[in-house]
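Lettering of chains follows the sequences in order, A, B, ..., and the numbering in each one begins at 1.
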2 protein chains.
Amino acid sequence: MAPTLDTVFAALADPTRRAILSLLLEDDMAVTDVAEPFEMSLAAISKHLGILSRAGLISQERRGRVVWCKLEPGALREASVWMQGFGQFEAVNLDAFEKFLEIEFAQFPGRSAPQE
Amino acid sequence: MAPTLDTVFAALADPTRRAILSLLLEDDMAVTDVAEPFEMSLAAISKHLGILSRAGLISQERRGRVVWCKLEPGALREASVWMQGFGQFEAVNLDAFEKFLEIEFAQFPGRSAPQE
DNA sequence: AGGATCGTCAACCGTACGGTTGAATATGCG
DNA sequence: CGCATATTCAACCGTACGGTTGACGATCCT
């Protein structure tokens, strides 16, 4: 399944996957480290990473035992272009963005917003 | 279900629903008119409109027999803000947007891109 | 080699999705 | 009133999703 608007938006429609993307905004991470803040099984996180990967939102590279996950923000461009056609949004409001990240992460135990 | 990033992205993850939004970019429309370009049943379109409505992407107002559907582009703002945090996208490229609309609409019979 | 760690695969479960059809509910019109 | 139009509701079907558990294949370390 090639990355399409379908797969990108579907991938973004899950709070766990959005939280994973926020994590990867900090830094590249191994699958195990991505899974650490979440209360679900490693296998579940692995599935989520597969969905993000097939959507083109992250890339995964195996080095030894460890699979490194890297954010690929470029995949959001098509989706962003599509959305922006529906309204004139003001320039990026980073305060609003950080607030969103905090809200998104409030539900996950053991950590606050990822950017600190 | 209040409009959230979950519901907005999930609503956008379906090509029929994106095509409906593109239709409504032209003008407000009755449910029957929204359904006309599509090959599926009216009930299916009604369901899609319900999903778009609950996501806050459209509003529906009954006037007499007719339910008028209106694009509510403001609901995309939160989602747009969220996405833009992941990359610096250039200003809106309207050419690219029109190209997307054409691709999106190529699959539906009896009409070309909605903006003409 | 042997054991621990990293990650995925496979099978399963419950629920939701996208679609259908047919009946039901309004509303408008002659 | 009585019929046509507009829209939704309800029940159903097949498939996919989000999660689990347990087994499996790699890789590193001693």
Atom CE of B/Met40 and atom P of C/dG19 are separated, to the nearest Å, by 4 Å
For B/Ser59, which residues count as a side chain to side chain donor-acceptor pair (under 3.5 Å) partner, sequence neighbours excluded? B/Glu72
Apart from B/Trp68 itself, what residues make up its hydrophobic cluster when side-chain heavy atoms of I, L, V, M, F, W and Y under 4.5 Å apart count as a link, directly or indirectly? B/Val66
Pairs under 3.5 Å (N/O, protein and nucleotides 26-30 of chain D):
unit_1: D/dT27; atom_1: O3'; unit_2: A/Arg65; atom_2: N; d: 3.4

Spacing between A/Leu42 atom CG and D/dC24 atom P, to the nearest angstrom: 18 Å
Distances under 3.5 Å between nitrogen or oxygen atoms of protein and nucleotides 11-13 of chain D:
none

Residue list, side chain to side chain contact (heavy atoms under 4.5 Å, CB included) with B/Asp27, at least two apart or on another chain: none
Where A/Gly56 and A/Ala75 come nearest, the two heavy atoms and their spacing: O-CB, 3.0 Å
In whole Å, I'd like the distance from the CD1 atom of A/Ile45 to the P atom of C/dC9. 16 Å
Starting at NE2 of A/His48 and ending at P of D/dG18, how long is that distance when rounded to a whole Å? 6 Å
Whole-Å gap separating C1' (D/dC17) and CZ (B/Phe9): 18 Å
Protein-nucleotide distance (B/Asp6, atom CG; C/dC17, atom P), rounded to Å: 11 Å
How many Å lie between CD1 on B/Ile20 and C1' on D/dT7, as a whole number? 14 Å
Reading DNA chain D from 5' onward, which residue's closest nucleotide shows up sooner: B/Gln60 or A/Ala10? B/Gln60
Look at all strands and tell whether A/Ile51 reaches a base, only sugar-phosphate, or nothing, counting heavy atoms closer than 4.0 Å. sugar-phosphate
If the condition is side chain to side chain contact (heavy atoms under 4.5 Å, CB included), which residues does B/Ile51 pass it with, not counting sequence neighbours? B/Ala11, B/Arg17, B/Arg54
At under 4.0 Å between heavy atoms, what does B/Ala43 touch on the DNA or RNA strands: base, sugar-phosphate, or nothing? base
Between atom CD in B/Glu36 and atom C1' in D/dT5, what is the gap in whole Å? 16 Å
